[in-house]
Amino acid sequence: MLGFIGSGRMATALARGCIEAKLYQAGDVVASDPYEPAREQFAEQLSGVATVEDNAAVLQQADVVFLAVKPQMMDEVLDAIAEHVMPSHLLISIAAGVTLQRLASHLPAKTRLIRVMPNTPCLIGRGACGFAVGASCNEVDSQTVKRILGSVGIVHEVEEQQLDAVTGLSGSGPAFVYSVIESLAAGGVAGGLSEKLSLELAIQTTVGAAEMLTATGKSPAELRDQVTSPGGTTFAGLESLKRDRGQAALQAAVEAATQRSVELGKS
Ligand SMILES: NC(=O)C1=CN([C@@H]2O[C@H](COP(=O)(O)OP(=O)(O)OC[C@H]3O[C@@H](n4cnc5c(N)ncnc54)[C@H](OP(=O)(O)O)[C@@H]3O)[C@@H](O)[C@H]2O)C=CC1
Ligand SMILES: O=C(O)[C@@H]1CCC=N1
């Protein structure tokens, strides 16, 4: 069975992705949360899953268990479940920043631990995930996490210290992309389009441009050049972007999110 300790947004996204990919049936998923409204919401969104109040009950039922609570809650949650963790369990933390070493320090020796950074598009099978395995894991554990995350998107194994950058880029990245789409749409509205049409055009332009990268294998710079006629409209727009340091601002956002992940690991 597949378990989730913490049944919030990300647990819901991962559980739904696994169920829709037919990796687990809804009846084989159990999630805990001390708060009834969170349990009710999880069960309402995923018909057929089980929810329980007690985190330890998840460990009694599931052998693969996601730790899906906020980083700030993790130590307390681990201390409370530690005596119920058995060699049969594979624990997978999705908490931003929290290191394998810190997780292990609250759990029995040799606990099989994996640290993962997923993102919300896992909900629709378009996630981008990174993971690092703990020292007590075996090859089957790596395959298990690859199979689960692979069912909801792309997945890459990385060095643990790279997970902060994965967090800043693909973990937080959807929020940055939504901000870009919002800005594109606002530009359309400023030019006289309705909000509805602007948003539709902005979304399709973003999806189309991203898919051009995968379809052609060309670099962003090459494809940008194809759009940019000398002295044309795109050139004028790109000059404005450069003046306002738009690209630098986006890079700084990823770097700030990465740094915050590092800090969360220490707190
Ligand atoms: N959202 C995202 O895009 C991503 C999030 N993450 C990581 O996923 C984790 C969860 O984030 P997210 O799903 O967004 O957050 P949520 O707040 O939606 O989910 C966390 C859940 O854990 C519950 N909870 C609180 N205390 C306990 C406890 N003692 N035992 C069990 N459950 C508890 C919370 O209840 P209550 O709300 O009532 O406190 C809430 O339902 C975080 O560590 C985050 O870093 C990783 C990648 C992407
Ligand atoms: O904002 C956060 O801390 C979490 C981690 C990555 C995305 N959301």
Side-chain angles (χ1 to χ4, degrees), residues 2-11 13-14 31-34 55-56 58-60 62-119 122 127-150 152-173 254-267:
L2 182 64
F4 292 88
I5 290 181
S7 50
R9 290 167 298 183
M10 209 54 221
L14 285 169
S32 64
D33 205 298
N55 292 337
V58 170
L59 291 165
Q60 278 150 17
D63 45 1
V64 178
V65 176
F66 277 89
L67 303 168
V69 296
K70 295 227 163 67
Q72 295 85 346
M73 292 300 304
M74 190 59 87
D75 295 350
E76 186 185 321
V77 165
L78 294 179
D79 288 338
I81 62 166
E83 64 178 301
H84 303 281
V85 174
M86 301 292 153
S88 58
H89 288 121
L90 173 61
L91 300 188
I92 306 173
S93 167
I94 63 166
V98 183
T99 61
L100 286 165
Q101 190 185 19
R102 179 163 144 201
L103 296 167
S105 71
H106 293 272
L107 293 166
K110 303 226 162 100
T111 298
R112 287 150 54 218
L113 276 168
I114 295 187
R115 184 178 155 199
V116 159
M117 181 43 55
N119 66 4
C122 288
C129 311
F131 76 96
V133 294
S136 301
C137 286
N138 54 45
E139 186 48 33
V140 176
D141 296 334
S142 288
Q143 294 306 328
T144 301
V145 81
K146 271 191 204 153
R147 199 160 35 92
I148 292 175
L149 299 177
V152 293
I154 64 161
V155 52
H156 286 281
E157 183 168 2
V158 296
E159 297 294 326
E160 192 189 1
Q161 65 267 28
Q162 295 178 311
L163 275 177
D164 294 313
V166 172
T167 305
L169 174 51
S170 51
S172 297
V254 173
E255 289 176 9
T258 302
Q259 187 50 35
R260 180 64 186 142
S261 175
V262 173
E263 286 163 13
L264 282 172
K266 290 181 186 147
S267 57

Quiz prompt | Min side-chain heavy-atom separation Val155-Val116 under 4.5 Å | solution = no

Quick one: closest heavy-atom pair of [X] and [Y], and the distance?
X: Ser142; Y: Val133; result: OG-CG1, 3.5 Å
X: Ser7; Y: Ala31; result: CB-CB, 3.9 Å
X: Ile114; Y: Phe131; result: CG2-CD1, 4.0 Å
X: Leu264; Y: Pro71; result: CD1-CG, 4.1 Å
X: Pro118; Y: Cys129; result: CA-SG, 3.7 Å

Could you tell me whether a side-chain N or O of [X] sits under 3.5 Å from a main-chain N or O of [Y], the two making a donor and an acceptor?
X: Asn55; Y: Ile5; value: no
X: Asp141; Y: Asn138; value: yes
X: Thr258; Y: Val254; value: yes

Self-check item: With sequence neighbours excluded, residues passing salt bridge (charged side-chain N to carboxylate O under 4.0 Å, His left out) with Asp63
Solution: none

Practice problem: For Glu263, check salt bridge (charged side-chain N to carboxylate O under 4.0 Å, His left out) against everything at least two apart and list the hits. | Solution: Arg260

Which donor-acceptor pairs under 3.5 Å do side chains of residues 84-93 form with protein atoms, sequence neighbours excluded?
unit_1	atom_1	unit_2	atom_2	d
His89	ND1	Met86	N	2.9
His89	NE2	Leu59	O	2.7
His89	NE2	Ala62	O	3.3
Ser93	OG	Ala95	N	3.2

How far does [atom1] of [X] sit from [atom2] of [Y], to the nearest 0.5 angstrom?
X: Thr167; Y: Arg115; atom1: OG1; atom2: CZ; answer: 6.0 Å
X: Asn119; Y: Ile94; atom1: CG; atom2: CD1; answer: 11.0 Å
X: Gln101; Y: Leu113; atom1: CD; atom2: CG; answer: 12.0 Å
X: Arg102; Y: Leu100; atom1: CZ; atom2: CG; answer: 12.0 Å
X: Lys70; Y: Met10; atom1: NZ; atom2: CE; answer: 13.0 Å
X: Ile148; Y: Cys122; atom1: CD1; atom2: SG; answer: 11.5 Å

Exercise. Please determine if Asp33 and Arg9 form a salt bridge, counting it only when a charged side-chain N lies under 4.0 Å from a carboxylate O.
Key: no

Quiz prompt | Glu139 side chain to Gln143 side chain, donor-acceptor N/O pair below 3.5 angstrom | solution = yes

